[in-house]
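Input: a single structure, listed below in structure tokens.
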Amino acid sequence: MAKLNRRQFIALGIGGAGIAVAGNWLRQKTIYSQPVPQSSANPAPVYQSSDGLLELDLEARERLVDLGNRQASLLTYNGQSPAPRLEARSGDKVRLHFTNNLEQPTNIHYHGLHIPLTGNADNVFLEIEPGKKLTYEFQIPNNHPSGTFWYHPHLHGLVAEQLFGGLAGLFIVRGEDDEIPELKAAQEEFLVLQDFSINADGRRTNSAHMSLMMGREGEVIAVNGRLNPSIALAEGGLLRLRILNASPSRFYRLALEEHSFYQLATDGNSLSEPIEVNDLLLTPGQRADVLVRGDKESGKYRLLNLPYDRGSMGMMGGGMMGGRGMMGRDNRDEPMLLATINYESAVESMALPSRLNSISALPKPHTVRRFELNHGMSPAVGMAFLINGEPYRHDLIHTQVKLNTIEDWELINTGVMDHPFHIHGNAFQIISRNGQPEPLLAWRDTVLVKRGETVRIRIPFRDFAGKTVYHCHVLDHEDLGMMGNLMIEA
Ligand code: C2O
Ligand code: CU
């Protein structure tokens, strides 16, 4: 008999822990999932599935939100920014009764989840008009990995603006990672990183056209909707941080004073073992799970955002300037304070896990394609962000692939700005960067392609046919054309 791996084992519910948890769910007899109140570092409520179902009402509307020392009028889901955290398990059904009370049309994308791309599931071609309702409904496959995913609006042309308003929330799939003893024992916290542009009376301010080309960044950085929240770390203990970059354009390069991060997962997928990193780069859309060890002298340590140069537009039109041009030169040479880690009473010293979940390399691809990323003049729209020389068009299929095949995509950045490239629905592995084999075997759904760089990724198109998209996750670039329609043919 073939041996089951850990993931299949748990998906089938034969794991002892799996049964205990399922038993707990059955005792809760509620029709809708109930929000669970959170710690002060994590004010947003959490909705957990019960009885195999996660069901709730979700309303998008503008609301005055308290960021700690100031108020801001933000775009929220259920009055919260970040939005309520949703938690389900593989095999669960999800039903979200969504109401759009914004002044614009919108929709919802479930970033990183491997679920149907059509119908009322992860379908970014739906358009929900102001005042209208739509019920999203899908099932998370039984073999879905556990990990950190998220949801946000995805109506082309309005994506950056609506995320910059605050619309984003975590979607956690619980499962095999959470059963690893060291992770179970660790204190778990979530960090949703957002930036906002807010004036003195708490109103969101508009971005100038040039900053849209650069990708808008706000001067206020909120972590879980708070300015500089404090996070407890038990002396000797482990803190598991699950971090999401929910900013439309800002890159975060995270460092914790005197501490390393032990990275457990890239985007929504576990690594095979923890890797030590001192600064953790997260482009828009990316997530990381890390462990922090409370093995330093008891005290307060700052979580910082270190400077990162993602390139900038030189002069528009003709005569591009390489590297740092005249735009985008702000105060990003200074580290910025994001949060404070506070040591608390000692626990018995905890070890790091030595193994996580195994990852297998993908077999050779059936097809190889090239995607050139740049900006330039387009006859139809003027200055635009382009893939293979073309801006996005609703009415074209830019790339057609076959279900159950594996492809290599060569992503070539010939421009002067970095572009994080995201594909909906299927995670991929990085094969090489600039021809150098990628040393770390990992799954991702968003990959940074630096200016001048060529990154080769390998994607298995599995389970779900239909039309979806790939794009730059600097969402102004996406809104300004750096997106393509992908048809996965059954
Ligand atoms: Cu996070 Cu196409 O999106
Ligand atoms: Cu871009």
Side-chain angles (χ1 to χ4, degrees), residues 109 111-114 117 122 124 145 154 156 266-269 281 283-287 359-376 384-393 396-415 417-475 477-478 481-490:
H109 167 47
H111 181 128
L113 285 182
H114 180 63
L117 304 161
D122 190 18
V124 295
H154 213 292
H156 181 63
T266 46
D267 294 337
N269 286 78
L281 183 66
T283 73
Q286 288 184 325
R287 289 86 68 214
I359 303 179
S360 11
L362 290 164
K364 291 266 170 300
H366 300 87
T367 310
V368 179
R369 296 175 203 270
R370 313 174 70 235
F371 296 85
E372 192 189 313
L373 313 175
N374 206 339
H375 60 272
F385 284 79
L386 313 171
I387 299 180
N388 292 336
E390 300 288 339
Y392 180 70
R393 273 179 55 185
L396 281 184
I397 297 297
H398 301 87
T399 304
Q400 193 162 333
V401 305
K402 276 217 145 326
L403 190 62
N404 298 320
T405 62
I406 292 174
E407 297 209 351
D408 272 12
W409 287 13
E410 205 157 58
L411 311 170
I412 307 158
N413 185 342
T414 55
M417 302 175 70
D418 292 359
H419 299 297
F421 191 86
H422 170 52
I423 307 175
H424 285 209
N426 290 282
F428 50 79
Q429 297 177 355
I430 301 175
I431 300 303
S432 65
R433 296 183 205 252
N434 289 332
Q436 295 301 309
E438 172 79 355
L440 180 69
L441 184 60
W443 289 101
R444 298 171 195 271
D445 53 57
T446 307
V447 58
L448 173 59
V449 189
K450 294 182 187 159
R451 48 202 189 278
E453 195 176 43
T454 295
V455 178
R456 191 179 181 114
I457 59 173
R458 188 160 295 169
I459 319 135
F461 293 99
R462 288 178 179 150
D463 302 311
F464 305 113
K467 186 176 150 194
T468 189
V469 293
Y470 48 85
H471 60 87
C472 176
H473 218 290
V474 169
L475 295 169
H477 297 174
E478 171 275 319
M482 195 173 272
M483 178 154 90
N485 286 328
L486 170 66
M487 179 61 88
I488 305 172
E489 296 260 279

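As the structure is a computational prediction, the values presented were derived from the model and not from experiment. Below, each value reflects all heavy atoms present in this structure, side chains not excepted, and no hydrogens, waters or symmetry copies. We're numbering straight along the sequence, starting at 1.
When each of N426, T468, I459, L117 is paired with L486, the side chain to side chain contact (heavy atoms under 4.5 Å, CB included) condition holds for T468 and for no other.
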*asked:* Run the side-chain contact (heavy atoms from CB on, under 4.5 Å) test on H422 and D445 for me, step by step, so that the C-alpha distance in whole Å, both residues' side-chain angles and the decisive distance to 0.1 Å come before the verdict.
replied: CA-CA 6 Å; H422 170 52; D445 53 57; 3.9 Å; yes

*Would you please test D418 and R451 for salt bridge (charged side-chain N to carboxylate O under 4.0 Å, His left out) and show each step?*
CA-CA 5 Å; D418 292 359; R451 48 202 189 278; 2.9 Å; yes

*Step by step, work out the side-chain contact (heavy atoms from CB on, under 4.5 Å) result for E438 and I431.*
CA-CA 5 Å; E438 172 79 355; I431 300 303; over 6 Å; no

*Show your reasoning for whether salt bridge (charged side-chain N to carboxylate O under 4.0 Å, His left out) applies to R458 and D408.*
CA-CA 4 Å; R458 188 160 295 169; D408 272 12; 2.6 Å; yes

*CA sep, side-chain torsions, deciding dist, call: D122, H424, side chain to side chain donor-acceptor pair (under 3.5 Å)*: CA-CA 9 Å; D122 190 18; H424 285 209; 4.6 Å; no

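Side-chain atoms of I412 and R370, non-hydrogen and from C-beta on, do get closer than 4.5 Å to each other. Taking the side chain as every heavy atom from C-beta outward, D267 and Q286 approach each other to under 4.5 Å. Looking only at side-chain heavy atoms (C-beta outward), V474 and P420 come within less than 4.5 Å of each other.
Ring geometry, W409 versus F421: the interplanar angle exceeds 60°, so the pair is classed perpendicular (tilted spans 30 to 60°).
Few gaps surround CZ on R369; more than 12 heavy atoms of other groups in view lie less than 6.0 Å from it.
Side chains of N485 and Y392: a donor on one and an acceptor on the other come within 3.5 Å. Using a 3.5 Å distance cut-off with no hydrogens or angles, the side chains of H154 and H471 do pair a donor with an acceptor. Looking only at atom types and distance, the side chain of E372 has a donor-acceptor partner in the side chain of T414 under 3.5 Å away. Looking only at atom types and distance, the side chain of E478 has no donor-acceptor partner in the side chain of H473 under 3.5 Å away.
With H477 contributing its side chain and C472 its backbone, the two residues share no donor-acceptor pair below 3.5 Å. For the pair Q436 (side chain) and R433 (backbone), a donor-acceptor distance under 3.5 Å is absent.
Among all heavy-atom pairs drawn from H111 and T446, the shortest one is NE2-OG1, 3.3 Å.
Taking Q400 as the reference, E489 meet the side-chain hydrogen bond (donor to acceptor under 3.5 Å, both in side chains) condition, with sequence neighbours excluded.
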